[in-house]
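Take a look at the structure set out below.
Any value given below was found using the heavy atoms of this structure, including those in side chains, with hydrogens, waters and symmetry copies removed.
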Amino acid sequence: MSTTVTVRFAVDREYTFDLTDNAVATLEPDAARSWLAHQMDALECDMPNKMGKILAADIALALAHCAGESLFAEGGEWAQCYAQAVAAIFDRPVVLVDVDQNRIG
């Protein structure tokens, strides 16, 4: 199953990443969560919900917000890895990370 991950910062500012079956299948959900958590540390992002359980959706949203639009606009390796990690975690054909509305759809 191929996956499309879209990261939206505003209605007219969204970045779409089309991932092949192989790109998604090569990353296990636990490894994807680990990559996202490592990036949160590397970019010195504030962890959502510092007390209690942190949901994958919270981390995906917080990291996209912290990383900023420019990393996604470049469409480089970092953005591709982010999209791959999000695809692996949510295991759906279409994932919307809506930073503007603070939701995953």
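Contact record, Gly75 with Phe17: CA-CE2, 4.2 Å, taken as the closest heavy-atom pair. For Met40 against Ala62, the heavy-atom pair with the smallest separation is CE-CB, 3.9 Å. Residues Ala88 and Ala32 approach most closely at CB-CB, 3.9 Å, considering heavy atoms.
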Exercise for review: Could you please spell out the steps behind the side chain to side chain contact (heavy atoms under 4.5 Å, CB included) verdict for Gln84 and Val5?
Suggested key: CA-CA 8 Å; Gln84 183 181 9; Val5 175; over 6 Å; no
Check your understanding: Step by step, would you call Arg33 with Ile59 a side chain to side chain contact (heavy atoms under 4.5 Å, CB included)?
Key -> CA-CA 9 Å; Arg33 284 184 191 87; Ile59 293 174; over 6 Å; no
Exercise for review: Would you please test Leu36 and Ile89 for side chain to side chain contact (heavy atoms under 4.5 Å, CB included) and show each step?
Suggested key: CA-CA 10 Å; Leu36 292 172; Ile89 288 173; 3.2 Å; yes
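Salt bridge annotation for Arg8-Asp100: absent, with no cationic side-chain nitrogen under 4.0 angstrom from a carboxylate oxygen.
Note that CH2 of Trp35 and CG of Leu27 are 9.5 Å apart. Values are rounded to the nearest 0.5 Å. Atom CD1 of Ile104 and atom CG of Asp98 lie 8.5 Å apart (nearest 0.5 Å). In this structure, Leu63 CG and Asp58 CG are separated by 12.5 Å, a value rounded to the nearest 0.5 Å. Note that the CD atom of Glu69 and the CD atom of Glu74 stand 11.0 Å from one another [nearest 0.5 Å].
Put simply, Val94 and Val99 are part of two different groups of oily side chains (I, L, V, M, F, W, Y) that touch within less than 4.5 Å, one to the next. No continuous path of ILVMFWY side-chain contacts below 4.5 Å connects Leu96 to Phe90, so the two sit in separate hydrophobic clusters.
Under a 3.5 Å cut-off, the side chain of Arg92 and the backbone N or O of Gly105 do form a donor-acceptor pair.
Classified by interplanar angle (parallel below 30°, tilted 30° to 60°, perpendicular above 60°), the ring pair Phe72/Tyr82 is perpendicular.
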